[in-house]
Amino acid sequence: MDLVVVKLTENTSRRFTESHQARTVKSETSEKIRHIEELSQLDILNSLYKYTHFSNETSTKVTNVVQHKKVTMLRQVEKKMAHAKVMINVGSLNELLDYGTFKEIEKIQQEIGIDYIGIDSLYDDLSSSYRINNGQHLPIFSMFGKFDGLLNYFNKEGIGIFFNQSLLTFKEMSEIEKQENITFIQHLINKLEVNNLKKWRVNYSFDSPNLKEDLASFKFLSKELAQVVPTIQTGVTLPIDYPDYNFSTAEKKRIFLEKILPFCDFVSILSEPNQIYSEYENEITEVEKFQEYTYRKVLKIERMLMEWQLELPIVVLEWNTLTGQDQFIGGNFFRGAIILQELLKMNQHIDCCGFWINAGLYEKYLDETPMTYDGLELFHNYSGCRPVYYILQFFKRLNGSIISVGSDYWLIEMAGHYQLVLWNSNYFLPNLSVEANFLESLSIAYHLETEMISSHYFQIKQFELNRESGALFFSYADFDSRVPLDFEAHHYLAETTKPKMKVFDMEIGEKFELDTTISSNGILLFELTPIYHP
């Protein structure tokens, strides 16, 4: 059956999702739709997307269309590749006393690197040694001794603590709880080395209904902590959000600009488009409004700080993309290229970026119960790496001078070595992620060429991350069983679900040329190392 292919208009993505229910398309395009109505329901979905994504002048008669794209990389102004700091959110220091969670921290530190451990509370539970010391007056028992091994690890690895202090939570603490926190902080100071204390950050959240009470708590805590740790860095979460990113009142804006922000070393934001999308679902009809949602929010905050004449680094405490409103859709929606593209763009404008360590802790500390959407967690159950883990690995591998940037590629050079990261990002309603024909239609056959790579012999490493390679959710589908998998099966999946790697040699003359195909939201990373013959 012939398939008509034409160009996408910006406001049609959501409307065509509804055609998944086999609705009749209106008559204004009846001449072209007559062909589509004869197809199966799955082909309708594929055809409608194609119908809206290509120009009227372009048509083809193949059932599954692979798009073709030529990429010519030209030299641009060189810019040194920089990396935003990485923060791993764990909820509470107490969580790192769990053996499995701590092993995940070790793996991240070894393979990616950690700058900060993000916590919302110092501890969830006090040990028996605390009760013996405090209640029975036996000071030989360290009150917080169970954390000493963890603090020694932080010192050794140079990992800082990023403490998110809710001022509402502080206000609701009893005097005994406040004193216990102060005592614990003193214990941290005694155990952490000076260089590690310099990395310690405290971020305040003005989240109670009474702004003046929060302001009083902010001043008190800032003063107390500064006396104990003079090098402490203080920040605040800006209480502004979609769609206009303004303070709720003029008085609130005045207080922040005059009495809070001038005393801060950084500002922070939270970015969860799924919550916003749900809140405005009746008003928002275009999923494209949430493309690069966090990146656009960062740019907005950056412009606002410039208007306020404040030079403050921006910290993204945690962020996300649209995932779908249930775990099945979210798991099927492979977002690799979407996440990488936004991270690379955002990286140029932020100081630090946060990620949750695993799905279990993300769900435990998420405000919404039950959890309906995924976040950007690095691990699944049984320490299986999620795609975000590999994206961070790719991100951290990039090193050198950025010499060419396109909408779907970066080319980097360092001392005769080259790195080319290429991706095929497709932002669509997550519901479409369960349709194989639709996903296949989004694959792109690239022809790459550039004269910027030196004439030489190179060994090329090629890493490929897509939904078939590196996405744990799809690997689970290979185990067709009605009962839960045992540890052996989970461990096997965790060990084998990784990006594919190829190694080959290539002689490059006056021009580098390469043909490759990338599936929807897939990523390719090429590393070119010169071969020198004796």
Side-chain angles (χ1 to χ4, degrees), residues 87 89 91-92 116 118-122 161-175 177-178 181-182 185 200-229 232-273 275-276 279 293-294 297-298 300-320 350-354 356 365-368:
M87 177 167 61
N89 296 312
S92 169
Y116 293 101
I119 57 173
D120 296 326
S121 62
L122 293 169
I161 295 175
F162 196 110
F163 183 27
N164 292 296
Q165 175 64 70
S166 161
L167 294 176
L168 175 60
T169 300
F170 176 77
K171 185 177 70 173
E172 293 176 346
M173 285 182 180
S174 65
E175 291 303 317
E177 290 175 318
K178 290 178 181 178
N181 273 269
I182 293 173
I185 290 172
W200 192 8
R201 288 181 170 183
V202 176
N203 179 72
Y204 295 101
S205 175
F206 284 70
D207 48 4
S208 77
N210 193 319
L211 178 59
K212 291 185 178 180
E213 289 184 0
D214 275 358
L215 180 60
S217 297
F218 170 76
K219 290 180 177 179
F220 170 77
L221 287 171
S222 298
K223 181 180 178 180
E224 290 294 313
L225 286 174
Q227 289 177 346
V228 179
V229 191
I232 195 168
Q233 298 178 49
T234 300
V236 61
T237 300
L238 289 175
I240 54 182
D241 218 325
Y242 182 91
D244 52 11
Y245 300 100
N246 288 326
F247 289 96
S248 56
T249 65
E251 176 66 8
K252 192 171 188 177
K253 179 179 181 179
R254 184 189 67 79
I255 291 176
F256 265 83
L257 292 183
E258 294 179 3
K259 299 183 178 182
I260 298 172
L261 290 175
F263 304 96
C264 291
D265 301 297
F266 63 90
V267 295
S268 66
I269 61 171
L270 294 161
S271 182
E272 179 46 87
Q275 292 178 345
I276 303 300
E279 182 180 352
Y293 174 87
T294 302
K297 183 173 181 177
V298 165
K300 178 68 175 180
I301 301 301
E302 190 176 55
R303 287 193 294 269
M304 292 172 69
L305 290 172
M306 291 178 63
E307 292 172 4
W308 300 336
Q309 297 182 334
L310 293 171
E311 295 184 10
L312 296 175
I314 300 173
V315 174
V316 180
L317 299 174
E318 57 182 279
W319 62 292
N320 205 354
I350 63 175
D351 174 71
C352 182
C353 193
W356 274 93
Y365 288 94
L366 189 67
D367 290 337
E368 179 183 343

Chi angles and distances behind the salt bridge (Lys or Arg N to Asp or Glu O under 4.0 Å) call for D265, R201 = CA-CA 9 Å; D265 301 297; R201 288 181 170 183; over 6 Å; no
Take W200 and V229 through the side-chain contact (heavy atoms from CB on, under 4.5 Å) test and state the conclusion after the steps.
-> CA-CA 9 Å; W200 192 8; V229 191; 3.5 Å; yes
From CA spacing to verdict: side chain to side chain donor-acceptor pair (under 3.5 Å), E318, W356 | CA-CA 8 Å; E318 57 182 279; W356 274 93; 3.3 Å; yes
Criterion side-chain contact (heavy atoms from CB on, under 4.5 Å) on I301 and I240, from CA distance to verdict = CA-CA 9 Å; I301 301 301; I240 54 182; 3.4 Å; yes
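Residues M87 and L317 have side chains in contact (heavy-atom distance under 4.5 Å, counting atoms from C-beta outward). Counting heavy atoms from C-beta on, the side chains of E272 and W319 never come closer than 4.5 Å. V267 places none of its side-chain heavy atoms less than 4.5 Å from the side chain of V315. Considering only heavy atoms from C-beta on, N320 stays 4.5 Å or farther from Y293 through its side chain. By the 4.5 Å heavy-atom criterion applied to side chains, D120 and Q165 are not counted as neighbours. Annotation: side chain of K219 is not in contact with side chain of S222 (no heavy-atom distance under 4.5 Å). Residues V202 and L221 are not in side-chain contact: their nearest non-hydrogen atoms beyond the backbone lie 4.5 Å or more apart. At a threshold of 4.5 Å between non-hydrogen side-chain atoms, the residues N203 and F266 count as touching.
A perpendicular orientation is assigned to the rings of Y204 and F218, their planes being inclined by more than 60° (bins at 30° and 60°). The aromatic rings of Y116 and F162 sit perpendicular, their planes meeting at an angle over 60°, well past the 30° parallel limit.
When every heavy atom of D241 is checked against every heavy atom of K297, the shortest pair comes out as OD1-NZ, 3.4 Å. The heavy-atom pair separating Y242 from Y245 by the smallest distance is N-CE2, 3.6 Å. Scanning all heavy atoms of the two residues, the minimum distance from V298 to I314 falls at O-CD1, 4.0 Å. Nearest heavy-atom pair, S92 versus Y365, reported as atom, atom and distance to 0.1 Å: CB-OH, 3.5 Å.
In the displayed structure, K259 atom NZ is contacted under 6.0 Å by at most 12 heavy atoms of other residues, nucleotides or ligands. Residue-environment remark: CD (E258) exceeds the threshold of 12 foreign heavy atoms within 6.0 Å. By the neighbour-count criterion of 12 heavy atoms within 6.0 Å, atom NZ of K252 is densely surrounded, having more than that number from other residues, nucleotides or ligands. More than 12 heavy-atom neighbours from other residues, nucleotides or ligands sit within 6.0 angstrom of CD on Q227.
Judged by distance alone, the side chain of E213 and the main-chain N or O of N210 form no donor-acceptor pair under 3.5 Å.
Put simply, the residue from I260, T237, L238 that forms a side-chain contact (heavy atoms from CB on, under 4.5 Å) with F206 is I260.
Rounding to the nearest 0.5 Å places OG of S217 at 14.5 Å from NZ of K212. Interatomic distance, C264 SG to L310 CG, rounded to the nearest 0.5 Å: 9.0 Å. Summarising the geometry, atom CG belonging to L261 is positioned 11.5 Å from atom CD1 belonging to I255; distances are rounded to the nearest 0.5 Å. Interatomic distance, CG of L257 versus CE of M304, reported as 8.5 Å (0.5 Å rounding). A distance of 9.5 Å separates OG1 in T249 from CZ in R254, rounded to the nearest 0.5 Å. The CG atom of L215 sits 8.5 Å away from the CZ atom of F256 when rounded to the nearest 0.5 Å.
Salt bridge absent: D214 and K171 never bring a charged side-chain N and a carboxylate O closer than 4.0 Å.
The cationic group of K178 lies under 6.0 Å from the six-membered ring centre of F170 and within 45° of the ring axis, placing it in a cation-pi geometry.
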